[in-house]
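These numbers come from a predicted model, not from an experiment.
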Amino acid sequence: MSKTASIDLVPSSSLFARLMATIDRLLMASARISNRNGDLPHFGL
């Protein structure tokens with residue numbers, strides 16, 4: 001018998017968390033494009 005125990009944790013991806021991740025991805029992509037063009041992004045992180 002093993003002396004350690006493991007628990008399988010299922011990540012809870014709620015609708016709000018997925019929405020925030022999508023918004024974050026869009027903001028980061030916009031900032032990367034602006035940085036590549038030499039401009040400052042219009043909206044921040």
**Study point:** Residues that, via side-chain heavy atoms closer than 4.5 angstrom, fall in one hydrophobic cluster with M20
**Key:** F16
**Study point:** Short side-chain to backbone donor-acceptor contact, S30 and L26, under 3.5 Å
**Key:** no
**Study point:** For L19, side chain to side chain contact (heavy atoms under 4.5 Å, CB included) partners two or more places apart
**Key:** I23
Exercise for review: Check which hydrophobic residues are tied to L15 through side-chain heavy-atom contacts below 4.5 Å, counting indirect links as well, and list them.
Suggested key: none
Exercise for review: Only counting residues at least two apart or in another chain, list the ones meeting side chain to side chain contact (heavy atoms under 4.5 Å, CB included) with R36.
Suggested key: I33
